[in-house]
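Data block below; observations after.
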Amino acid sequence: MILRYTLPPNAPKKFESESDSVILGRRPKPGQHIDLDLTPDSYVSKRHAHITFENGGYWIEDLGSGNGTWVDGQKITIKTQLTPESKVRVGWTNIEIEMETAIPVPGPDTEQEPEDVIVAEPEQEQEPEDVIVAEPEQEPEPEGTIVTEQDQPTESEGEKDTMPTQGWRQLKALNDFSKELETGTTLESLAQILIKQLQLAIPSAQRGAVLLPDEQDELLLKAHWPQGDHSVSMTWVKRAFTKREAFIWTAAAPADTSGDDTPHSAIYYDVQSAIYVPLLLGGDVFGVMYVDNYYARDAFAPVDLEMLKAIANQVAMFIRDNVLRKDLKREEVLRSNLLRQFSPKVAEQMVEKAARLQRGGERSEPVTILISDVRHFTALSSKMEPDDVVRMLNEMFDAFVPIISEYDGVVDKFVGDSVLAVFGSPQSDPQQWEKAAQAAIEMQHAMHMLGEGRKVRRLPAYQVGIGIHTGGVIHGFIGSAERIEFTVIGDTVNRAARYCDGADPGEILISKAVYEHVYRLVEVEPKTVKTKHPKSEGDLEGYLVKGLKKNGKRSAS
């Protein structure tokens with residue numbers, strides 16, 4: 001008998017025997033007999049299959065192997081006659097038989113049944129125990145049925161290739177995976193644990209990967225095996241992720257070209273079968289993982305799908321318990337920080353959009369910026385005790401903040417003796433310009449009242465200058481997880497600071513862009529602001545706010 005056998009991607013090998021009986025297997029136990037050793041193929045059982053030549057034909061029979069014997073893509077359960085075109089697979093090894101004579105195919109009048117041949121087969125009388133699925137020497141001792149690492153045999157003690165042992169290995173892999181999850185703390189560590197355990201839990205998998213979403217819900221390839229290029233299909237990933245669907249995919253038969261919707265990536269990587277499973281918990285999806293096989297269309301069974309779904313459920317719980325809890329902690333820190341800047345209602349709205357803004361900010365236009373600054377603060381504070389300086393600033397801020405809030409502004413930050421307030425953000429406001437001007441007038445009035453009180457207490461009085469400009473800004477959350485603030489940046493902020501610098505003590509200086517919106521509300525007079533770099537920047541055109549017109553509430557002076 002001449003056999004040619006191939007374990008992809010290795011080159012074919014040839015086996016010759018003068019016997020009409022060949023037993024295929026791998027690393028047999030002492031006393032067991034095999035003719036063709038397929039040891040490199042770890043999916044071949046110790047005594048896997050029996051090929052015979054009898055009655056003018058070639059026959060094959062499975063000997064109770066763990067992974068079955070396949071003929072023309074079908075797993076055989078009885079002794080089966082082979083034809084010259086038959087494709088035989090044991091494990092992942094392909095077998096071809098050089099048939100010396102034509103194979104007679106029994107016709108309708110042939111009374112002989114395959115079962116008759118089984119009874120008459122002389123080779124089967126050699127070792128009856130060889131064809132028994134559960135061989136006596138492979139039966140574990142009673143205490144070995146307890147699923148513990150100590151009681152289960154190791155590879156060196158003799159691998160058991162029956163289906164119960166394979167199922168035990170998968171359950172052990174699932175148990176080991178659960179234990180290793182306890183050591184993981186990040187998504188990166190989780191992905192590495194998954195890759196390791198998926199190969200053990202799904203032994204038919206030749207490739208696999210874990211995809212987890214980033215903060216923008218874009219699925220990223222966190223880990224995969226083998227190293228190098230991967231075979232993931234984003235078509236199937238999106239199907240599992242969006243439809244919350246776990247599925248087994250099998251390539252169409254070579255002769256079947258009708259209705260083939262195989263993704264291009266699956267064709268390119270020669271995917272024959274695959275499993276895609278969403279990381280699903282309740283109604284939330286946390287990612288997708290997959291395994292595939294490029295040898296066999298029948299590599300995966302429903303039990304593999306259920307195993308992968310069980311692993312996916314544990315992964316989803318890990319993400320919820322470890323990653324999302326950290327996100328909740330960061331959210332509480334963020335909420336606490338926002339409450340220092342915004343009202344509770346606005347703070348809650350900002351928390352909802354914080355994740356998006358944390359990833360690079362958001363452009364907003366128009367926004368109105370108000371900046372106030374104490375005039376001659378350095379000279380003034382140098383003559384005061386530190387406690388008196390802090391008390392003076394807190395007294396001013398206590399007066400300014402309620403006024404800014406009253407006109408729907410937001411205190412962005414305090415910088416020494418300066419206040420930066422924003423109108424029209426984070427919530428748009430069609431009256432932001434008028435409100436900013438009115439707030440500035442109220443702030444100057446408050447400073448006048450504070451100055452009168454300080455004179456009575458024989459304390460040094462001081463004044464502020466206020467500048468207002470409007471335009472586009474980028475606003476977002478800046479800082480660390482422990483200290484994060486909502487702020488604005490951009491040229492509009494810088495211009496507002498220049499208008500503030502151009503305002504003398506007690507003055508409010510607005511830009512031409514602001515005046516275009518408030519000309520019906522305030523009385524003004526033009527003022528040109530000299531810049532430090534007139535050649536590159538030019539002078540700034542501005543307007544001093546003298547007060548509100550007759551319908552206003554209060555004048556600036």
Side-chain angles (χ1 to χ4, degrees), residues 1-7 12-29 31-39 41 43-136 138 161-163 253-255 295-298:
M1 187 181 300
I2 301 177
L3 305 179
R4 296 186 183 276
Y5 60 100
T6 307
L7 175 62
K13 295 183 179 180
K14 184 177 182 180
F15 171 83
E16 296 186 42
S17 174
E18 295 183 358
S19 173
D20 289 338
S21 172
V22 173
I23 296 178
L24 313 178
R26 177 180 65 92
R27 294 168 57 183
K29 284 186 174 183
Q32 287 185 333
H33 170 74
I34 64 172
D35 299 294
L36 176 54
D37 190 351
L38 302 175
T39 295
D41 189 340
Y43 292 92
V44 172
S45 298
K46 299 183 185 306
R47 287 171 58 86
H48 195 112
H50 189 193
I51 299 177
T52 58
F53 177 75
E54 53 187 293
N55 300 324
Y58 288 89
W59 302 79
I60 188 167
E61 179 184 12
D62 185 75
L63 299 181
S65 66
N67 293 307
T69 299
W70 303 77
V71 177
D72 296 328
Q74 299 295 321
K75 187 175 182 180
I76 64 172
T77 57
I78 62 173
K79 191 170 183 178
T80 302
Q81 186 176 18
L82 303 174
T83 68
E85 292 79 24
S86 294
K87 296 181 179 180
V88 178
R89 178 170 61 83
V90 293
W92 297 122
T93 301
N94 299 314
I95 307 291
E96 295 181 6
I97 303 174
E98 291 189 6
M99 297 188 177
E100 300 173 356
T101 59
I103 306 299
V105 179
D109 298 330
T110 304
E111 296 295 330
Q112 185 182 33
E113 296 293 334
E115 291 80 3
D116 298 337
V117 180
I118 297 175
V119 175
E121 185 180 2
E123 289 81 356
Q124 286 191 332
E125 298 298 324
Q126 290 180 330
E127 296 180 27
E129 66 273 14
D130 291 344
V131 297
I132 299 174
V133 175
E135 299 177 6
Q138 290 185 336
D161 294 297
T162 61
M163 286 302 289
Y295 284 157
R297 296 170 52 244
D298 45 30

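- Considering every non-hydrogen atom in both V90 and A49, the closest pair reads CG1-CB, 4.2 Å.
- Nearest heavy-atom pair across K79 and W59 is CE-CB, 3.6 Å.
- With sequence neighbours left out, D41 forms a side-chain contact (heavy atoms from CB on, under 4.5 Å) with L7, Y43, V44, W92, T93.
- The side-chain contact (heavy atoms from CB on, under 4.5 Å) search around E18 returns none, not counting sequence neighbours.
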Verdict with reasoning, F53 to I97, per side-chain contact (heavy atoms from CB on, under 4.5 Å): CA-CA 11 Å; F53 177 75; I97 303 174; over 6 Å; no

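- I51 places a side-chain heavy atom less than 4.5 Å from the side chain of M1.
- Remark: N94 pairs with no residue by the side chain to side chain donor-acceptor pair (under 3.5 Å) rule, at least two apart or across chains.
- Pairing each heavy atom of R27 with each of D37, the nearest pair is N-OD1, 3.6 Å.
- S45 approaches G66 most closely through the heavy-atom pair OG-N, 2.9 Å.
- In this structure the side chain of L82 reaches within 4.5 angstrom of the side chain of M99, judged on heavy atoms.
- Remark: side-chain polar atoms of H48 are not paired, donor with acceptor, to backbone N or O of G64 under 3.5 angstrom.
- Put simply, the side chain of R89 gets close to the backbone of G91: a donor and an acceptor are under 3.5 Å apart.
- At least one side-chain heavy atom of K14 sits less than 4.5 Å from a side-chain heavy atom of I2.
- Atom OG1 of residue T77 and atom CD of residue E61 lie 10.5 Å apart, to the nearest 0.5 angstrom.
- When D72, L3, I60 are each tested for a side chain to side chain contact (heavy atoms under 4.5 Å, CB included) with V88, only one passes: I60.
- Separation of atoms NZ (K46) and CZ (R26) is listed at 6.0 Å; rounding is to 0.5 Å.
- Residue G68 comes nearest to D62 through the heavy atom pair C-OD1, 3.6 Å, listed as atom of the first residue, atom of the second, then distance.
- For the atom pair I34 CD1 and T39 OG1, the distance stands at 6.0 Å (nearest 0.5 Å).
- Taken from NZ in K87 to CD in Q74, the straight-line distance is 13.0 Å, to the nearest 0.5 Å.
- Using a 4.5 Å heavy-atom threshold, the side chains of Y5 and L24 count as separate.
- For S17, there are no side chain to side chain donor-acceptor pair (under 3.5 Å) partners, not counting sequence neighbours.
- Scored by the side chain to side chain donor-acceptor pair (under 3.5 Å) test, D35 finds H33 as partners (sequence neighbours excluded).
- Put simply, the side chain of T80 gets close to the backbone of I78: a donor and an acceptor are under 3.5 Å apart.
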